[in-house]
Amino acid sequence: MIHTGVELCAGFSYQVLIGSGLLEAVGNYTVKHVRGQTCAIISDTNVTRLFADRVKKSLTLAGFEPTLIRIPAGEKSKTFKHAEAICEKMIGAGLGRQSFVVGLGGGVIGDLSGFVAAIYHRGIAHIQIPTTLLAMVDSSIGGKTGVDTSAGKNLIGAFHQPSLVIDDVDVLKTLPRRQFNQGFAEIIKHAIIADAKMFKQLQSWKTRLPWQPLALQRLVCRNIKIKTKIVAQDEYDRTGKRALLNFGHTVGHAIERAGNYRKFLHGEAVSLGIVAACAISVKRAGLSTRQRDAVIAVLQRFGLPTRLPKNFSRNKIVGSLKFDKKFESGKIRFVVTPRIGAAYLTTDVTLEDIREAIGEL
Ligand SMILES: NC(=O)c1ccc[n+]([C@@H]2O[C@H](COP(=O)([O-])OP(=O)(O)OC[C@H]3O[C@@H](n4cnc5c(N)ncnc54)[C@H](O)[C@@H]3O)[C@@H](O)[C@H]2O)c1
Ligand SMILES: [Zn+2]
């Protein structure tokens, strides 16, 4: 098993455990990190069916009293309404200030359970057990929690760091291939913005499953370190450092929105956004066309889309751009890469550049 400490600032850090077969021992790992005995396991319908029994049993054997709260699978459940219903169930089950929340699931469950943990009794401990690759390498790290509203995704939320993250790579065996691949969009993003060596590895990575658990564990660990290093410099997303993680996301989010969140998975939209960001980087940041092509080839290696379907409205994507938080002041802040392994935020990119890049997708 790999232990990695996530050190956000002097005096505040938490542990991430990465390994195989960890679900059976969740209770033992949790003991050191919480004070209370009662907890809520928040999970979705798919994940409950697969893993909730094991986690519940392990917590019970370790002396905890877990209450399982199940919500329907999918982004539609990441709402205030569900957060409220969960809080009410927790009150009904007698959970108090010392109780804790275990989020067992993908990014939807991580964000929602983290939000509940942030507001319940003004903040209780949160244990994350991510079950998608995307959640392991991205959403479970960094402390951003939240819910969607009709006005947009992730507009309401709170920063609430977990007390412990448990990544059991065995759970990825049941993940549908498309879900697995979308995790690679964030991994490839991390490589482009901060890790040229990992990019090289991805270029020759075996993409066919099954994988050696150890290779997966190392990959997850490396990505957690990349994200943590960036988050630690700007925990509350104020100085622009954390914005580097948005590479590929300005256009990616607009594509997701234009597809009504149904046409593309988040990672698939980000893959297209990365292609657009690379085209803009060639124009504005001196990225070589050779490196741009290498990025496209790696995205394709992992089954991610690099071209939009012919009949998909480019205008709708451009129209969706204005909903982006980065556009609210009228000035565009865009993340570009001058070479693989580096990125910076700039105001040199124009709306026309973005429109052109979308047109080329
Ligand atoms: N907080 C952050 O920093 C951050 C970062 C990136 C993304 N996010 C959020 O993450 C969410 C997307 O996360 P996601 O892609 O994990 O989606 P998700 O949680 O909806 O999971 C995807 C699907 O896979 C199923 N599933 C999960 N684990 C499984 C397993 N092991 N085997 C079989 N099926 C499994 C789920 O039931 C669901 O149907 C979005 O809401 C996004 O906003 C947050
Ligand atoms: Zn993302």
Side-chain angles (χ1 to χ4, degrees), residues 23 42-52 54-55 70-79 82 103-115 117-118 126 128-149 152-162 165 167-190 193 216 223-224 227-228 230-231 235-237 242-253 255-257 261 264-274 277 304 335:
L23 283 196
I42 302 175
S43 193
D44 73 23
T45 37
N46 296 334
V47 178
T48 299
R49 193 168 32 82
L50 293 163
F51 310 118
R54 269 186 267 173
V55 171
R70 199 176 55 142
I71 59 155
E75 187 75 30
K76 283 192 306 293
S77 292
K78 213 176 98 177
T79 61
H82 277 101
L104 174 68
V108 165
I109 288 296
D111 283 11
L112 179 66
S113 63
F115 183 62
H126 184 215
Q128 291 246 37
I129 310 181
T131 61
T132 63
L133 183 61
L134 183 138
M136 286 184 190
V137 299
D138 192 357
S139 59
S140 64
I141 302 298
K144 280 191 179 176
T145 75
V147 291
D148 305 331
T149 65
K153 272 188 68 175
N154 300 321
L155 292 176
I156 308 294
F159 286 96
H160 191 66
Q161 299 293 346
V165 181
D167 290 332
D168 182 344
V169 296
D170 288 353
V171 303
L172 300 176
K173 285 180 195 152
T174 52
L175 199 61
R177 185 69 206 217
R178 218 177 136 198
Q179 295 285 351
F180 190 75
N181 287 348
Q182 72 152 337
F184 272 95
E186 306 290 358
I187 290 173
I188 293 165
K189 174 196 79 179
H190 284 155
I193 63 173
L216 253 180
N223 279 276
I224 288 171
K227 180 156 182 188
T228 303
I230 294 173
V231 171
E235 189 184 346
Y236 297 105
D237 212 354
R242 190 168 176 153
L244 297 186
L245 293 164
N246 279 330
F247 182 76
H249 280 60
T250 302
V251 173
H253 283 149
I255 291 173
E256 260 188 301
R257 221 172 285 119
Y261 297 100
F264 300 102
L265 295 177
H266 174 71
E268 292 169 344
V270 167
S271 171
L272 290 157
I274 288 174
L304 290 160
V335 186

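Both counts, for ligands and for their atoms, begin at 1 and track the order of listing. Keep in mind that this is a model prediction, so the values were computed, not measured.
Proximity of T131 to N46: side-chain heavy atoms (C-beta onward) are nowhere separated by under 4.5 Å. Contact annotation: the side chain of L245 approaches that of K189 to within less than 4.5 Å [non-hydrogen atoms, C-beta and beyond].
Residue contact check for ligand 1: E186 places no non-hydrogen atom closer than 4.0 Å to it. Ligand 1 has no atom lying under 4.0 Å from any heavy atom of H266. Under a 4.0 angstrom heavy-atom cut-off, R178 registers as lying outside contact with ligand 1.
Contacts between D111 and ligand 1 below 4.0 angstrom, taking non-hydrogen atoms only, involve the side chain exclusively. When heavy-atom distances to ligand 1 are checked against a 4.0 Å cut-off, N154 comes that close only through its side chain, counted from C-beta outward. Under 4.0 Å from ligand 1, the heavy atoms of L134 that appear belong solely to its side chain. Within the 4.0 Å heavy-atom criterion, both parts of S139, backbone and side chain, lie near ligand 1. The residue M136 has no part lying near ligand 1, judged by heavy-atom distances below 4.0 Å. At a 4.0 Å heavy-atom cut-off, ligand 1 touches Q179 through the side chain alone.
Taking each of V231, I71, V47 in turn, the one with a heavy atom nearest to atom 26 (N) of ligand 1 proves to be V47. Here the shortest heavy-atom distance to atom 27 (C) of ligand 1, taken over T132, L245, I141, belongs to T132. Relative to atom 42 (C) of ligand 1, the option among H249, K76, K78 with the closest non-hydrogen atom is K78. With atom 40 (C) of ligand 1 as the reference point, the heavy atom nearest to it among E256, E75, R49 is part of E75.
Annotation: atom 6 (C) of ligand 1 to nearest protein heavy atom, D138 OD2, 3.6 Å.
In this structure, the side-chain hydrogen bond (donor to acceptor under 3.5 Å, both in side chains) partners of K144, at least two apart in sequence or on a different chain, are D237.
The CD1 atom of I71 lies 10.5 Å from the NZ atom of K78; values are rounded to the nearest 0.5 Å.
Per-residue contacts place L50 under 4.0 angstrom from the following atoms of ligand 1 (heavy atoms of the residue considered): 32 (N), 33 (C).
In this structure a side-chain-to-backbone donor-acceptor pair under 3.5 Å is missing from D111 to T145. Side chain of H190 to backbone of I188: no donor-acceptor contact under 3.5 angstrom is found.
Using a 4.0 Å cut-off between charged nitrogen and carboxylate oxygen, E75 and K153 count as a salt-bridge pair.
Under the 3.5 Å distance criterion, with hydrogens and angles disregarded, a donor-acceptor pair is assigned to the side chains of H266 and E256.
Only protein N, O or S atoms were considered, and those under 2.8 Å from the Zn ion (ligand 2) are E186 OE2, H249 NE2, H266 NE2.
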